[in-house]
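Report on one structure; see the data block that follows.
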Amino acid sequence: MAGLRAKSSAFEHPKAPHHDVLLGRHFTSAVQIVLPRAADCGTTGEREFVDVAGALENTTCDASTSDRDGDGTSGFYVARLSLADLLEPGFLETHVRGGAACTQKTKLYALCADGRIETDDVACVTPAGQLCLSLTPRAYTRLGISGISSDDGTPKRRCLVNLAKKNFQPGNPFRDRLIGNAARVSKTDTALAVKRKYLVMHTSGGDDTLTPVSSPEGCEVTAHCLKYKRSVVATSDAPGAPVSFFSKKKSGSNDDEDDAYASPTENAAESLSLFHEWLGKLSSVGNSGTQTSPPCVCGGEKDVSDRDDPSFVEKHRWSGFMNPNQTRSALSFCRALVKDGTFPWAAVTTWGFPDDPSRFAVPLNGGGEVTAIGGAEHVTFVVVPGDGYVMYTQPGR
C-alpha cells in the first residue's frame, strides 16, 4: 500500500479539504458506508438495516435496500466508442457544450474501461470537458497533439485537450486536425481507433440531474444500474473510532485558524493506523448480501459467539460508475447520521479506477497546487461527533 495520511477537520471549516478531495476524483468505482451496530441490535433481519435510500442523491431509480445484485441506484451507461466517436461534433455539442443554445450546464463523464494505462492507449473526458489521453509513442505521433512525458518509467505521453473551450469549433486548425487524425488512424496506430468499452454518464442543470446519453450513430450503448450489497460483519477486536482527534475546539480558537481543533494524543499515528487497518479488513469480507451468519473480522478466529465482547457493524456498498456529487452525497448522509446522534461514528470509503488517465493532473479549486488521487487508491472519511471527520488519503503514486 502507498503511504497513508490522516487529517482531521470540521465540515464547516473554511479550509476543510473534503470538497476538493472528492471533486478531484472524477470517476469512482465503489462507495462503501460502514456503521456500528448497538449491542442489542442483533445480526440479521430486514428491519435492522439503516435505510440508505437517500445516500446517493444523484440517482434515477429507487435506491432500495434489496441485497440482490443490480438493485439499487441507476444512472450510468456502457458504450462502445472510438476516439473519433468521442470527438464527433454532434456528440460533443450535446454532452460537453450543452447544445447550440447552451441553455443549461451539462457535464460528460466518460472513461475507457478496456485497457491498461501502463501499456495501452487510454482516454477519458472529465466533467470540465477535458479530454485526457495516455498515449503510446506511435499513437502520440499519429494523432499529432502535444503532451508531456510520463514519469512512471514508460515511454508514454500524457495529453490534455479542452473540448469545452469556446474556440474549439469548426475552422479552428487544431480542432480540425485532431478530429481528422482521430478519424484516419487505424488500429495498428492506436487501440483508440476501434470501438472500445467506455463507462459514460451525462448530467445537466444546476443540480447535475442524470440524463440519457445520446450516442453517435453506429455506437452500441446500454444502460446499467449500480450494484448494491449490504452485510453484517462480526468483530471481537474493534479499535476505538478516532473521535478524540476531533472532540472540541481549543479554548479561544477561531474557525479561521488552520489549527482550530484539539491536537491528537501521543499515540495518534498508531491509533489512526489501527482503525484504518480494521476498516480495510471490513472491506474485504461480507460482500455477498445480507448475512444470516455474519462473517468475522477477529484476527483469524471463525466464531465470536462465545466471546464476551463481540460487536457488529453493517456495511452498504455500491459499485459501478459514480460521479463526485454521489460521493459527496454519501459523506453528507453519514454526516447527518452522526450529527443527529443516530450513530457515534460513520465511515465512508471511495475507490477510483486504476487506469484513469485523469488522475495525473487534478487542479484544486481556485488553482494553485496540483494534486492527484491515484487510480484505484481509496479515500476514507470517518465522521465523528462535533460535526467533523478524520480523512485518510494515499499520496498519488
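Hydrophobic clustering (side-chain heavy atoms under 4.5 Å, transitive across Ile, Leu, Val, Met, Phe, Trp, Tyr) keeps V313 apart from L274.
Ring geometry for W318 versus Y228: interplanar angle of 30 to 60°, hence tilted.
Residue P344 comes nearest to V338 through the heavy atom pair O-CG1, 4.2 Å, listed as atom of the first residue, atom of the second, then distance. In this structure, S283 and Q32 approach most closely via the heavy-atom pair OG-NE2, 3.0 Å. When every heavy atom of I33 is checked against every heavy atom of A55, the shortest pair comes out as CD1-CB, 4.2 Å. When every heavy atom of C334 is checked against every heavy atom of A346, the shortest pair comes out as CB-CB, 3.8 Å. Residues P242 and Y392 come closest through the heavy atom pair CG-OH, 4.2 Å. The heavy-atom pair separating H316 from V50 by the smallest distance is CE1-O, 3.6 Å.
Side-chain atoms of L87 and L131, non-hydrogen and from C-beta on, do get closer than 4.5 Å to each other. Using a 4.5 Å heavy-atom threshold, the side chains of R175 and P89 count as touching. The closest side-chain heavy-atom distance from I145 to L178 is below 4.5 Å. When side chains are defined from C-beta on, S231 does not count as touching E314, because their heavy atoms never get closer than 4.5 Å. Counting heavy atoms from C-beta on, the side chains of V125 and L163 come closer than 4.5 Å. Counting only heavy atoms from C-beta outward, the side chains of P17 and M391 approach each other to under 4.5 Å. Here the side chains of V233 and K315 are in contact, with some heavy-atom distance below 4.5 Å. Side-chain contact between R158 and L133: absent, with no pair of heavy atoms (C-beta onward) separated by less than 4.5 Å.
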**Q.** Steps toward side chain to side chain contact (heavy atoms under 4.5 Å, CB included) verdict (V200, V78)
**A.** CA-CA 6 Å; V200 183; V78 174; over 6 Å; no

Q: Please report the C-alpha distance between H202 and T211 in whole Å, then the side-chain angles of each, then the deciding distance to 0.1 Å, and finally whether the side chain to side chain donor-acceptor pair (under 3.5 Å) criterion is met.
A: CA-CA 6 Å; H202 181 221; T211 53; 2.9 Å; yes

Q: Output, in order, the C-alpha distance, side-chain angles, deciding distance and verdict of side chain to side chain contact (heavy atoms under 4.5 Å, CB included) for L192 and S82.
A: CA-CA 6 Å; L192 296 174; S82 66; over 6 Å; no

Q: Evaluate the side chain to side chain contact (heavy atoms under 4.5 Å, CB included) criterion for residues V161 and F174: first the C-alpha distance (whole Å), next the side-chain angles of each, then the deciding distance (0.1 Å), finally the verdict.
A: CA-CA 10 Å; V161 179; F174 170 75; 3.8 Å; yes

Q: For V31 and T349, run side chain to side chain contact (heavy atoms under 4.5 Å, CB included): C-alpha distance rounded to whole Å, both residues' side-chain angles, the deciding distance at 0.1 Å, then the answer.
A: CA-CA 6 Å; V31 172; T349 301; over 6 Å; no

Q: Please lay out, stage by stage, how E12 and R335 fare under the test salt bridge (Lys or Arg N to Asp or Glu O under 4.0 Å).
A: CA-CA 12 Å; E12 295 298 332; R335 177 187 181 185; 2.8 Å; yes

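With hydrogens and angles disregarded, no donor-acceptor distance shorter than 3.5 Å links the side chain of D120 to the backbone of G115. Between the side chain of T94 and the main chain of G90, a donor-acceptor pair closer than 3.5 Å is present. At least one donor-acceptor pair closer than 3.5 Å links the side chain of D51 to the backbone N or O of A53. Side chain of S29 to backbone of G352: a donor-acceptor contact under 3.5 angstrom is found. Between the side chain of H26 and the main chain of P127, no donor-acceptor pair closer than 3.5 Å is present. At distances below 3.5 Å, at least one donor-acceptor pair connects side-chain atoms of S332 with backbone N or O atoms of R328. Put simply, the side chain of Q130 never gets that close to the backbone of C132: no donor and acceptor are under 3.5 Å apart.
Figure legend: cation-pi geometry between R37 and F312 absent, as NZ or CZ is not positioned both under 6.0 Å from the six-membered ring centre and within 45° of its axis.
Summarising the local packing, NZ of K195 is surrounded by more than 12 heavy atoms from other residues, nucleotides or ligands at distances under 6.0 Å. The local environment of CD in Q169 is crowded, with over 12 non-hydrogen atoms from other residues, nucleotides or ligands closer than 6.0 Å.
Of the inter-residue distances, the one linking D355 atom CG with C124 atom SG reads 11.5 Å to the nearest 0.5 angstrom. Separation of atoms CG (D85) and OH (Y198) is listed at 9.0 Å; rounding is to 0.5 Å. Here the straight-line distance linking atom CG of D121 with atom NZ of K156 works out to 6.0 Å at 0.5 Å rounding. One finds the CZ atom of F91 at 14.0 Å from the CZ atom of R97 (value rounded to the nearest 0.5 Å). Going from atom OH of Y109 over to atom CG of L199 covers 14.0 Å, rounded to the nearest 0.5 Å. Going from atom CG of L56 over to atom CG of L226 covers 7.0 Å, rounded to the nearest 0.5 Å.
Ring to ring, H276 and H378 are close: their centroids are under 6.0 angstrom apart.
For W278 and T235, the side-chain atoms include at least one donor-acceptor pair closer than 3.5 Å. Looking only at atom types and distance, the side chain of H224 has a donor-acceptor partner in the side chain of T222 under 3.5 Å away.
Residues D189 and R142 are paired through a salt bridge, judged by an N-O separation under 4.0 Å between the basic side chain and the carboxylate. The residues R196 and E220 are annotated as not salt-bridged, no charged nitrogen and carboxylate oxygen being separated by less than 4.0 angstrom.
For the ring pair (Phe, Tyr, Trp, His ring centres under 6.0 Å) with F381, the qualifying choice from Y389, F11, W345 is Y389, the only one to do so.
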